[in-house]
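In the text below, chain A, chain B and the rest are named by the order of the sequence lines, each starting its count at 1.
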Amino acid sequence: MKHWFKLVSVCVVLVSSLVSVPARSDDVPAIAAASNIKFALDEIASQFTQDTGRKVNISYGSSGNFVAQIRHGAPFQLFLSADEKYIHQLQKYDASLGEGTLYAVGRLAIAAPKYSPLELDPELEGLKSLLKAGKLQRFAIANPDHAPYGERAREVLQGLGLWDSLKPKLIYGENVSQAAQFAVSGSTQGGLIALSLAIAPQFQAMGHYKVIPEALHTPLTQRMILTSKAGETAKVFYQYLQSDSARQVFSDFGFGLPEPDQSETVKPALVKSKLVKPELSQPETGN
Amino acid sequence: MDWEALWLSIKLSSVTVIILIPFAILASRFLAYHHFTGKSWVEALIMVPLVLPPTVIGYYLLVGLGSQSWLGRFLEQVLGQQLVFHFSGLVVASIIVNIPFAIQPIQRAFESVPQEVRDAAACCGMSPLKILFKIELPLVWPGVLTALVLCFSHVLGEFGVVLMMGGNIAGETKTVAISIYDSVQAFDFASAGQMSLVLLLFAITVLALTTSMSRRLGRAYGSRHS
């Protein structure tokens, strides 16, 4: 009997010591963000931490997947979608959520690995001729069924009459980051990806790109929204994302900037509860 | 190199194994020594996670334990903690996914313990519990070790389930497999390569150690089980 008791008690002690995840006493909100803004948002987040002393914990993935996870109770306090369509889906489910704010307008780029036979140009003439010559083997886009950048890529290809002939050559990334990684992997001749990813130095080491004219697809209006779980830091970060310095970073990464007053920039409820501190530049102590 | 993710994965593996192995020992002993109607159905149910795609398990856990389901809401009230998108949810998922990896080798080991040995022990007046600890466990130890190693390394590599129901939250549900996936998508091949190498070396070391250990144990206790 003694053995048994010892074994059980050792197990209990071990499990309880391991299960108790170090409590995050400080307010570090989990934030869900579309993967196309990764490089820009990482930079904004580190500026934010420098300016305010607050930290955020950002997860990147596909917007459609995040909607499903948030609906099933994921603890994300702020959601930056690649397309406002997904924000509207969330609002339909939970009417208590506000309107959110447009934070950036996405652009597409055609990208190719170094030494690819694909000639890059905004009108995709190079892609057309490579396809005609039968020399295009693989072309990457994000999955058009649930990734906004994939959807817009399909629009562009359909608009230029390339979709049907290109379709058998397409490989789909689960999200636009994966598509971008496929596009420069060397096993494709190129791909249609987010400009914000193509601009990142990490990408440029492997490939090159040309911007696609905005007129070729419906605008990629990217909207963000605070969820019902948002705490103080998430709300402060939400405001910070609309500040001039954050907008500058978005612009540096090739995003178009929405008009600041195009939608509500400050939620009235936030102002009332005094959670939003306008003086963001003062570092907070004791955080 | 994402140390936080590696540490989280090791923690997840340890917790899973600590909870699962004692349970698996009792369950596989029962399955090895008892015959009952419907036994093959029970065994089939146990083996199901082995053949189901992890995304299927992830889907059921996401929908079944999420805050949309009555079970999810009930558990949330009882535990005061939501399971999905939380470390505890990953523990539940890992246990379910690894049941076949834990039970299978231990059950085979129990089955190979000769009936006469157990009968002799019982004749000598040993209690069932004493038989388990003094006779059976030393004999089935290689099977337990195999189960332990299989489960531990399997959790370390689990990807689909975690991606579906984990939410990729750093320090909470972002395991090393997810972190590698993330690094590749961020063109951070240096980091992905380092983490992959660590896992590869770990896998080789653990497998080599287990093989040599079970060989030594087999010699010590007479290699009745292969």
Under a 4.5 Å heavy-atom cutoff, which of [options] has the most pairs with chain B?
options: A:His72, A:Gln202, A:Arg71; value: A:His72
options: A:Asn175, A:Ile58, A:Leu197, A:Val184; value: A:Asn175
options: A:Ser35, A:Ser177, A:Gly61, A:Ala180; value: A:Ser177
options: A:Ala32, A:Ala30, A:Ala74; value: A:Ala74

Practice prompt. Salt-bridge test for B:Arg108 and B:Glu111: reply yes if a basic N is under 4.0 Å from a carboxylate O, no otherwise.
Written response: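 Salt bridge present between B:Arg108 and B:Glu111.
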Worksheet entry | Lys/Arg N to Asp/Glu carboxylate O, B:Glu4 vs B:Lys174, below 4.0 Å | no
Discussion item. Does the plane of the ring in A:Phe76 sit parallel, tilted or perpendicular to the ring in A:Phe66? Use 30° and 60° as the thresholds.
Written reply: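 Plane angle over 60°, so perpendicular.
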Practice prompt. Could you tell me how the ring of A:Phe250 sits relative to the ring of A:Tyr103: parallel (under 30°), tilted (30 to 60°) or perpendicular (over 60°)?
Written response: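 Aromatic pair A:Phe250/A:Tyr103 classed tilted.
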Response to the item:
Of B:Asp182, B:Asp188, B:Val184, the largest count of non-hydrogen pairs under 4.5 angstrom with chain A goes to B:Val184
Worksheet item: Looking at B:Leu163, B:Asn168, B:Leu65, which makes the most heavy-atom pairs under 4.5 Å with chain A?
Response: B:Asn168
Worksheet item: Going by heavy atoms in the side chains, are B:Met164 and A:Gln69 under 4.5 Å from each other?
Response: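 No, too far: nothing below the 4.5 Å cut-off.
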